[in-house]
Amino acid sequence: MLSQRDAAEMRANLQEAVVKCSERCLYQSAKWAAELLTSLSTTEDSIEPEDSQMTEVPAAAVPPIVVTGNVDPEEAQLEAKEINQYLLAKSFFDCREFDRCAAVFLPDTVLSGILSTAATKNPNASAPQGKGKSRGSAARTSAAPVATPKLSQKSLFLALYAKFMSGEKKKDEDSEMVMGPHDGGNAINKQLNVISRFLETWFLEHTNENGSVDGSQGWLEYLYGMVLAKDKNEAQAMHWLLKSVHLYQMNWSCWLEMASLIGRMEDLQQLGQRVPAHIFGFIFNIHTSLELYQSGPDLSARLDQLLSIFPTSPFILTCVALLAYHTKDFVTADAHFSNLLALHPHRLDSLDHYSNILYVMNLRPKLSFLAHLCSAVDKFRPESCVVIGNYYSLLSSHEKAVQYFRRALTLDRSCLSAWTLMGHEYVELKNTHAAIESYRRAVDVNRRDYRAWYGLGQTYEVLEMHAYALWYYKRAAGLRPWDGKMWMAVGSCLQKMGRDLEGIKALKRALQADSYYDAGVGSSFGSGGRERAAIMDPEILLQIAGMYERLEDEAEARSYMEMCVAQEEGAAENLDSSVINIHADSQSSEDDSRPQGGGDTGSGTGVTAATSKARMWLAKHAMRTGDYNRAMQLATELCQDGVEVEEAKALVREVRVRQEADGL
Amino acid sequence: MTRFLTPAKIGLLALIELYTDAVVPSSSTIPILSFIINQLLPCAYKAQPREPKSLRTLPFILDLESFEALLTSHPAAGGLPGRSLWDHFLRKLWEIDSLDALHEFFATRGNLLARNREEIKKDGELGIPPPSDDMILLSRTSPLGSFIRRAKVEYERLRFSDTLSLWVAFVEWREESRTYWAKRNGGLERWAGDRVLAEGQEEWGLEATEMLEHITYGALSKENSNQGGISTDDVEKLLEFQVEQMQKLGNRIPHEVKEQFKAVLEKNIIIPSLSHYLNFLDAWRAGDYPTSFDNLHRYFDYTMQSRDRLFYQYALMNLAVLQADFGCFDEAVAAMLETVSTARENKDMACLNFALNWLYHFGKAHPKIMKGTDSTNILGVEREGLAFLRIKAKETGMWTLWSSSLLSEAKLGMSNGESVATAFENILKSSQLIVEKNMKSMMGPQMAMHSSLWGRLGVAHLSRQYCDIFLTCHARYALFDDTLRFTTRVAHLLAERGRYDEAMEKLEGLDENSLRTWKSNQYWLKYRGILRLKRDLHRNNLSGADHLLSQLTQCNSSDTDTDLAYETNTLHIDYLIRRTNYGQALAKIEQMASEMKEEGDDLNLRIKLLTMKALLQDKAGRPQKGFSIAIRAASIAWRARLIPALWGAMGAIANILTSLSEFQASSQILVAIIPRALEYENCTLNAQLYSFLVDAYMGLAGQAESGSPTRKENLTRCLQFIDQAFDEYSTVEDIKGQCEMMAKKATIMRVVGDNVLANDYASAYLDLKKGLSVGA
C-alpha cells in the first residue's frame, strides 16, 4: 500500500501526465493514465490540495487550466509566446486535420528548407552509433545556414506528431483492400523520413559537448524513437526511447513502444537495469512479461501488489485475467473478465482476448452476449469485429468470420489477433494460401505471437512441406517452451521427416510439458476433448513407441506401448516421469512445480484408437516373442473392446493354433 | 429493418415446430394450419375471403395477441393436462434465451424438413439414424417447407448488426407475454429471456447487470421504435397488394391508408422501388400530371435493369397511357409506337399485343390523331387488325386480350350496323372465355356490351337488368370506372323515364373514395351536369340550362368521352330548338353530322341525328323537307336492327305523312309501332309518338264529315291519346309538351263544342304556361 503522501503524489503525477499527454494529443496515453488515476484507491479522500507537492496541478477541486506550465523558464517563455498558435494547432489536430496542424508551426517551406540542408549532410551523419553521430562536426557546421525554427518543444512535438499522424493516415488510405491483390502490407508512412531528419537536425543542434541534450523534456525523444522503430532501426529506437523514459516517466505510449521492441524474455531482463525505477517501469515490466506469455507466481505476486494500489484499474484487471489465460486457467480468466465487464461495461479494450477465452471454453451464449454488447457499444472498433468474428467462427460460419476479421483489419491494420484468427479461418476454409499470408502478416506485425507461428507450421504441414513446418513449429515452441502442443507438433513433424531420434526428444518434452499444463486447448484451434494433464497422451506415447520401433529399439518401443495401454486405466499406475529421461535444459526449473494431480488420476482415457493400436502391437509382439498367453490375453481384450475385431480374432485363432502346436 | 425476418416470422416458425411436434390435436390442426398458410401465401393465391370479418381482425404485422387468440382455445395433445397450445408456444419462445439460442433456433429449423437423398447419405455416414416414420416432416417444396428454408437462408445472410436488431426486436415483441408466462411458471426472474444476464447477476450484482442490460437492450426498448417489426418483404407484399388493388379497382389510396403507408415507409431504410410506382398511380389518379410523370420515371430508373429483364417497353407503355390520359395524344401515340417496336425487338409478345390493342382502341377513340401519324399500316384495316389481335392473343394465351378483341369485334359489327347474330356470337364467345378463365375484371366490358346490345334492340328492361346484375354481383372485383359507367347508364335509363331524383341518387350513392380519382370525378361531374341540364330543359328553365351548357360545352374538347360529348351536343340542339333558334340548331346538326361522317362513328348516333334533323324541319314548319332524311334513317335503322332509332325515324315519317294529309297511313304506321316503342320505355319518344298519333287522328277527324260518328270517334281517340301523351310528358316533366297537349285538348273540346271543358283546359294551359314562364 502507498502511504497517504505517496498516494497524493501519485495522484498529482498522474493528473499531470493526463494533461500533458492530452496536450500533445497522445490520446491513448492520456486515457490510460486517467484510467489509472481514477482507479487509485481513495480510502483517504480528504487530502488537501495544499499537501500536494506538485505545483502545476492541484490534486482536486480546481481542475487544471487548459495548458500546463513548464518548469524550464525558457520553454515556458516560448510556450507563452506561442499559446495562440498552439491552441489553433491543437484544435486542428483534434479535428483530424493533421497537415494543417503541422503547418501552423512548421510550414512546408520551412520544413523543406531544413530538410534540404539535412539531406546534404545525411551521408556523413549516417554513422550507426547514436552518440557517435552527434559528434559529426562537419555536419554541425553545414547545418548552420538554415536553423530549425525557434519553437517550444511542446509545439514542435505537436507539429511533428501531426506530421506523423498525417503520414499514417495517408498510409492507411493508400493501402489496398485487406488481403486484396495489391495488399502486400508494404505501404509506408512517407513522413517518417522527414520527421527523422528533422529530429536528427534538432538533436544535433541541441546536443552539448557531453552528448546530452540541453533542456530536453523527453517527448521529442519518444517521437524520434517511435519513428526509428517504424523504420525497423530497433537498437537506435530503443536507445532514444530509453532516453525519453528517463526524462519523463509518465508517458505510457513510450513504454508501449519499448514493449513492442522486446522480443524475448532475455531482452527484458537485460533492459531491467536500464529503465528508471518508477511505477510505470514496474507496470511496463509486467505488461511485457505478459506479452511474452510469461506466467508464474512471481508475476502474479507483482500483479497483486499493483492491484492493492489500483484496485479497480481495468488495465491491471485485464493483466490479471490475461495471466490466468496464459496459464490456461480459463475459468479464472473468464471470471476476471466478467468482473471487468461489470465494472466497465463500455470499455472495449482487450475484450477480444475475452472472446478468445469464451471461444476456447465453448460458451456460446456468453460469447453471443459479448458480441451483442460490443456491437451495441461501438460496432466499428477492431475489438468488436474480432469478438463478432470469433462468435461466427464458433458457429462454423467461417466466411462470415473472415468478413468480420477483415473489417477489424480495415479499421486497424496492426490488429494482431485479427490477422492470426483470420489465418485460422482460412485454414478452416481450406484456403492455405490465404492462411499463410495472414499468418505471415500477423508475424510481421508482432513476432511474439506463437499462435501465428504455430498456424504457419500447421498450414505447411497440411501442404506436406515438413521442413518449413518444422521451422515454424520450432519458433512457436521457442516462444512457449512449456506448451506440450508445440513440442508435439515439432515431434510429429520430425517423425514425418524421418528424424526419429530428435522426434523422440521433442515428444518426450511434450509429454513432460503436458503433465504440467492442461492439454490441448492452448489456442483457439480447439482440437479439444483431450484429457487432464496427469494422464499422458496415448497418442504421443504411441508415436514415440513407433519411432523406437523404427529405430529397432524393441525394448523401448515395448515399454512405451505398455505405457500407452496403461493410460486406459488412468495415471495412478503411471510410470514415474523419471522414466522419461529428458535432456536437461533450461526448462527443468519449471518441472519442479509440476503438480501431480492426485484428484483426477483415477479416471483414465478409456479405450481409444491409440491404445487399441498399442495393444494390437503388443499382442503381435508377444506372438513374435512366443509369449502366447500374453498375446491371447491382449487379443481377447481387443475383441472385448470391439476395435479391429476381425484382426484380433484372427490373432486369437493363430495363438490357439500355435499353442496347440506347442502343446503337441 | 431486415429484409425478410421479423419477430412475427419467428413466431410462425415456432408455431410450425409446434405442429410438427405433434402437440396439436387433430381437431385443431385445420385452424392452425390455415392461420399459418394465410400468413405465408402471397395474397394473389388466396381465395377471396368468405367471411371478411375473420380476416380483418388480423393486423398487418402479427403481434402476440393474434397468436394468443388463435392458440388459447386449443388444448394440447400431449404434456401436462390443462395446458393449452399457447403455453407450449410460449415455452418455445421463451426457450430462446440468448442470441446464440436464436441462432440455434434457426440452425435446427432444418430438422423439420424431410431429408433429401444426399442428406440421408450424409447422416448415415455420421451415424445419425433416419427419422422415424411417425414424425411429421415437412416436404421441402411445401409452403411450410419453403418458408422454413427461406427463413434459414435469410437468417444466414443477415449481417451481425441485423441479427442483433432482430434479436432485440424479438425480445421486445415477446415482452407482452411476460406476465402470463411468469404466472404460469410461478414467477420469473428479472432477467428471464436472457440467460447470460440471469447467470451474470450472481456474479455482477443487480446494478451492474442492469447497466449491461441497458447497454444491450435498454436504449431500444425505451424508444419503443418498431424497427424490427416490419421487414422489407412485408412492405413489398403490402405494396404489391396495394398496387394490385389500385390497378384492379382503379381507385386512389384512401387517406387513412396513405398515412399508414407513410409511417411504414419512413421507418424503412430500403424503400422498395415499388413504392414509387404506388406514388405514380396515386398521382395519376389524382390528376397530378407532373408528379405522376416524375414518379413513373423514378420507378423505372430503379427497375429498368433489374432481374435481367429489360423493362423499357413497359416504361414506355405506362408513359403512353399516362400521356393519353392527360390529353397529350401525340406524345402518347409516339410512345406507344416505340413500345410496339421495342416489344417486337425484345420478342415480348404480351407487351406487344397489349400495345397493339391499346393502339386500336385509341385509334377508334381519336381517329384524327391516328391519321396524323403514319401508323395506319400497323394493324392494317380495322377488322383485319382485330382478327390479328385475336389470333395473337390466342397464341400467347392472353385471355383478357382475346376476350376484349372479341368484344371489340362485336362492337365494331354493331356500330357498323352489321348482323346482330354475329355480334351475339362474338359476345357469347367472349362470355365463355371469361367464365372459363375466371376473368373477373373482364366482366364489366362483357356486361356493358350485352346491355348496350339489348338497348339497341329496344328491350330496355333487359338492358337495365344487365346493368343491375353487374352492379350487384361484379362491381366488387371490377374497375371503378366500369362501375361508374354502369351507374350512369342506369341513371340515363331512369332519366329517360323521368325519374330524375332516383337517377341523381344513384350517382350520389357512388363510393366517395373512388371518386377521388380525377378522371372518374370528371366524368361523374359531367354526367351530373347533363342530368341537370336535361331536367332544366324539360322544365323550360332555359337560363339555367344555358348556364350549364356553357360549362359543359367548354370542357367538351377532344379529351372527353365521345358518349358524353354526343349527349351534350344533342342537349345543346334541344336547347337551341327550345329557344326556337332553328337556324343555329340546324347548323349544329350539320356540323355534328359532318364530323361523324369523317370519323365513321356509331350508326345509332347517326340515325338519331338524322331523325333529329327531320324533326327540326317539322318544327320549322317544313316537314316535307325532312322526308328523304327520315326515310333514310328508317331504312338504315331497319337494316341495322336499331329498333328505338327505327321507331323515332318512323315517327318522323308518320309526321311527314300527316303533314301530307296521308292521315290514314300515318295513323296506321303509328298504331303499329307504338306498342313496340312502349317496350323501350323512353317517355319522350312515347309522348312524341302519341302526339303524332293525335295529329293523325285529328286529320282523320277533319277528313270525316262534321258530326259524323267517324269524326266523333276519331276525336275521342284524339282525346284519349292526348291524355296518354300528356301523361308521358308529365313523367319527364316536359312542360312545353304538356302545354301543347293541353292546348290541343282545349281545341278539340271547342270543336266538340264543350266550351266549359275547353275553358277549363285553356285555363289549365295558362297555368302550365305560367309555370313555364316562371321557370323561364
Side-chain angles (χ1 to χ4, degrees), chain A residues 312 314 331-332 334-348 351 354-355 358-359 361-381 384-408, chain B residues 95-108 110 152-153 155-172 191-223 227-228:
Chain A
T312 57
V331 180
T332 320
D334 174 32
H336 281 306
F337 267 120
S338 192
N339 180 28
L340 191 66
L341 209 59
L343 282 174
H344 304 276
H346 289 102
R347 187 178 190 265
L348 295 181
L351 283 187
Y354 187 29
S355 77
L358 292 176
Y359 182 101
M361 293 172 80
N362 204 19
L363 288 177
R364 282 170 50 166
K366 212 158 181 184
L367 186 51
S368 76
F369 178 77
L370 187 68
H372 184 173
L373 184 75
C374 289
S375 183
V377 173
D378 184 355
K379 47 181 179 172
F380 294 112
R381 273 278 291 270
S384 306
C385 295
V386 170
V387 172
I388 295 169
N390 260 334
Y391 177 58
Y392 275 126
S393 177
L394 195 57
L395 295 176
S396 314
S397 320
H398 299 295
E399 283 95 348
K400 276 188 180 176
V402 165
Q403 194 186 331
Y404 277 92
F405 290 135
R406 286 175 88 112
R407 186 184 279 183
Chain B
E95 265 168 9
I96 305 175
D97 58 357
S98 68
L99 181 59
D100 189 58
L102 183 69
H103 179 88
E104 199 64 30
F105 178 79
F106 275 101
T108 50
K152 260 192 86 173
V153 170
Y155 186 78
E156 276 298 308
R157 48 178 292 177
L158 282 186
R159 283 173 305 165
F160 186 75
S161 51
D162 295 334
T163 323
L164 270 191
S165 57
L166 176 66
W167 163 238
V168 173
F170 173 71
V171 168
E172 216 173 288
W191 312 110
D194 194 312
R195 188 155 52 147
V196 180
L197 285 178
E199 283 170 2
Q201 196 196 343
E202 297 163 20
E203 201 178 320
W204 300 326
L206 189 65
E207 208 172 307
T209 318
E210 255 171 11
M211 183 74 183
L212 284 173
E213 189 207 20
H214 192 78
I215 295 172
T216 45
Y217 302 107
L220 285 158
S221 66
K222 294 276 146 47
E223 278 173 30
Q227 269 286 342

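Chain A is the first sequence line, chain B the second, and so forth, proteins listed ahead of strands; every chain is numbered from 1. Predicted model only: the values in this text are computed from it and were never measured.
- We find the CG-CG distance between B/Asp100 and A/Leu367 to be 8.0 Å, quoted to the nearest 0.5 Å.
- Of the atoms belonging to B/Thr163, it is side-chain heavy atoms, and not backbone ones, that fall under 4.5 Å from chain A.
- To the nearest 0.5 Å, atoms CD (B/Glu104) and OG (A/Ser368) are separated by 11.0 Å.
- Residues B/Arg159 and A/Tyr404 form a side-chain contact, since some pair of their non-hydrogen atoms from C-beta on lies under 4.5 Å apart.
- Interatomic distance, CG of B/Leu99 versus NZ of A/Lys366, reported as 15.5 Å (0.5 Å rounding).
- Within the model, atoms OG of B/Ser98 and CZ of A/Arg364 stand 9.0 Å from one another, a figure rounded to the nearest 0.5 Å.
- Looking at B/Leu164, the atoms closer than 4.5 Å to chain A (heavy atoms on both sides) all sit in the side chain, from C-beta outward.
- Using a 4.5 Å heavy-atom cutoff, the side chains of A/Lys379 and B/Phe160 are not in contact.
- The CE atom of B/Met211 sits 11.5 Å away from the CG atom of A/Leu343 when rounded to the nearest 0.5 Å.
- Looking at B/Leu102, neither its backbone nor its side chain comes within 4.5 Å of chain A, counting heavy atoms on both sides.
- Ranked by heavy-atom pairs under 4.5 Å with chain B, the first of A/Pro345, A/Ala335, A/Cys374, A/Ser397 is A/Pro345.
- Taking both residues in full, the closest heavy atoms of A/Tyr392 and B/Leu158 are given as OH-O, 4.0 Å, listed atom of the first, atom of the second, then distance.
- When side chains are defined from C-beta on, A/Leu373 counts as touching B/Ile215, because their heavy atoms get closer than 4.5 Å.
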